[in-house]
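As the structure is a prediction and not an experimental result, all values here were calculated from the model.
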Amino acid sequence: MRALFAVYKREVALYFKSFIAYGITFALMIFLGLYFQGTVASVVQQTAQGAPAPPAANLASSMLGIFVFLMFVISPVLTMRLLSEESREGTLELLMTLPMSDWVFVVGKFLAAWTFYTFLLALTLVHVLLLWNGNIFEPMNSGNPINPGVFFVAYLGAWLYGGTTMAVSMIWSALTEDQLVAAFLGVTSVLVLYLAADLGNVFAGGAIGNNVAEIIRELGLTTHYHATMLEGLLRAEDIAYFVLMIAVSLFITTLIVGTRRWRSS
């Protein structure tokens, strides 16, 4: 555990010293802030004209949905350097000579990336708190106030969603020394998982086709988040999906790192 904490502590420090990480944070908050401001301004204008205000819960869910959608870009960018940079600079082989197992090395880096993601996710709570407590949004809250239990499930799902996209993206960081290639492959992989529910419809038709389509849908991120946890529905199969995806992705990454250790020995 000491070795795991050492890797984790080192990577967390690097994240909070990284220009790219702060650039992503700034760009993300500006984008969400503009979306929030534009939507609220539109609602205020509609209510001033006598139109009914949409529920505040709908806006909060919409913002969280946009946030997790953007992970197809953010996660690969945050993880692209974790292993590829170490390999390119020759420090990966040096770190492998230390008395630690491959899984400790990989999990320590993953937990650091997930920690920074948790920081980003926590920043989005400011918009939910504004909707929840702001007097200016009273017309929206009167229709369907924000339910704490529903949003706990939604944020739990978003947290697991981010961990999954981080873990999947790490596989490509372990496979290549080029950070841009790792980021591109990570973007592609996460986007395919995001679109899996729609891609499954391509195979629909007939008994076999419908079964294949259902399997593809079940592998998708949106099936286990947007349709359930984002709406406040907590299901064991959704939790199991995210946990299994993280475990399998980290296992694959550990195998790749182990292969590098074997080749360098």
Using the rule given for side chain to side chain contact (heavy atoms under 4.5 Å, CB included), can you reason through Leu83 versus Ile256, listing the C-alpha separation, both sets of side-chain angles and the distance that settles it, and then say yes or no? CA-CA 10 Å; Leu83 296 167; Ile256 296 171; over 6 Å; no
Side chains of Tyr117 and Thr165 only: does a donor on one sit below 3.5 Å from an acceptor on the other? no
dist Leu82:CG -> Phe105:CZ (nearest 0.5 Å) comes out at 9.0 Å
Residues Gly65 and His226: closest non-hydrogen pair is O-NE2, 4.1 Å
query: Should we say atom CZ of Phe119 is surrounded by more than 12 heavy atoms from elsewhere, each under 6.0 Å from it?
result: yes
The reported gap from CG in Leu185 to CG in Leu180 (rounded to nearest 0.5 angstrom) is 11.0 Å
d(Thr188 OG1, Leu193 CG) to nearest 0.5 Å is 11.0 Å
### Message
Any heavy-atom pair between the side chains of Met245 and Tyr161 that's under 4.5 Å?
### Response
no
Next on the checklist: In the structure I gave you, are the side-chain heavy atoms of Leu156 and Ile239 within less than 4.5 Å of one another anywhere?
Outcome noted: yes
Could you check if a side-chain atom of Trp114 sits within less than 4.5 angstrom of a side-chain atom of Trp159, using non-hydrogen atoms only? yes
When rounded to the nearest 0.5 Å, the distance separating CE of Met170 from OG of Ser75 is 12.0 Å
Q. When hydrophobic residues are tied together by side-chain contacts of less than 4.5 Å, even through go-betweens, does Leu123 share a cluster with Leu125?
A. yes
Minimal heavy-atom distance between Tyr15 and Ala113, with the atoms involved, is OH-CB, 3.3 Å
#### Entry: Cluster check Leu233, Phe152: I/L/V/M/F/W/Y, side chain < 4.5 angstrom
no
In this structure, would Leu111 and Phe5 fall into the same cluster of hydrophobic residues linked by side-chain contacts under 4.5 Å? yes
> Considering only heavy atoms from C-beta outward, does the side chain of Val68 approach that of Leu230 to under 4.5 Å?
Replying inline: no
Do Phe151 and Ser61 make a side-chain contact, defined as non-hydrogen atoms from C-beta onward lying under 4.5 Å apart? yes
Note: Arg81 and Ser173 closest approach over all heavy atoms is C-OG, 4.1 Å
Query raised in the report: Taking the side chain as C-beta and beyond, is there a heavy-atom pair between Tyr8 and Val107 under 4.5 Å?
Result: no
Output for pair (Leu14 CG, Lys109 NZ), nearest 0.5 Å, gives 7.5 Å
Check your understanding: Under 3.5 Å, is there a donor-acceptor pair between the side chain of Thr254 and the main chain of Trp103?
Key -> no
Leu221 and Phe242 have their tightest heavy-atom pair at CD2-CE2, 4.0 Å
Tyr155 meets the ring-ring contact (aromatic ring centres under 6.0 Å, His included) criterion, sequence neighbours left out, with none
Note: Thr253 and Ala167 closest approach over all heavy atoms is OG1-O, 4.4 Å
Is there a path of hydrophobic side-chain contacts, each under 4.5 Å between heavy atoms of I/L/V/M/F/W/Y residues, joining Leu219 to Met71?
no
Any non-hydrogen side-chain atom of Leu120 less than 4.5 Å from a side-chain atom of Ile74? yes
task: Start with the C-alpha gap between Tyr241 and Leu160, add the side-chain angles, then the distance that decides, and say whether side chain to side chain contact (heavy atoms under 4.5 Å, CB included) holds.
output: CA-CA 10 Å; Tyr241 165 81; Leu160 293 171; over 6 Å; no
Between Tyr194 and Phe72, does the ring centre distance come in under 6.0 Å?
-> no
With a 3.5 Å cut-off and sequence neighbours excluded, list the donor-acceptor pairs that the side chains of residues 20-38 form with protein atoms.
residue: Tyr22; atom: OH; partner: Phe16; partner atom: O; Å: 2.9
residue: Thr25; atom: OG1; partner: Ala21; partner atom: O; Å: 2.9
residue: Tyr35; atom: OH; partner: Ser62; partner atom: OG; Å: 2.7

request  = Would you confirm whether His224, through its side chain, and Glu218, through its main-chain N or O, come within 3.5 Å as a donor-acceptor pair?
outcome  = yes
| said: Please tell me whether Leu70 and Met229 are part of a single hydrophobic cluster in this structure, the criterion being side-chain heavy atoms less than 4.5 Å apart. | reply: yes
Problem set entry | Under 3.5 Å: donor-acceptor pair, side chain of Thr124, backbone of Leu121 | yes
Distance col, row Asp198:CG vs Ile216:CD1, nearest 0.5 angstrom, shows 11.5 Å
- Query: Can you tell me if Thr223 uses its side chain to pair, donor with acceptor, with the backbone of Arg217 under 3.5 Å?
  - Reply: yes
Between Leu199 and Val192 the two heavy atoms that sit nearest each other are CD1-O, 4.0 Å
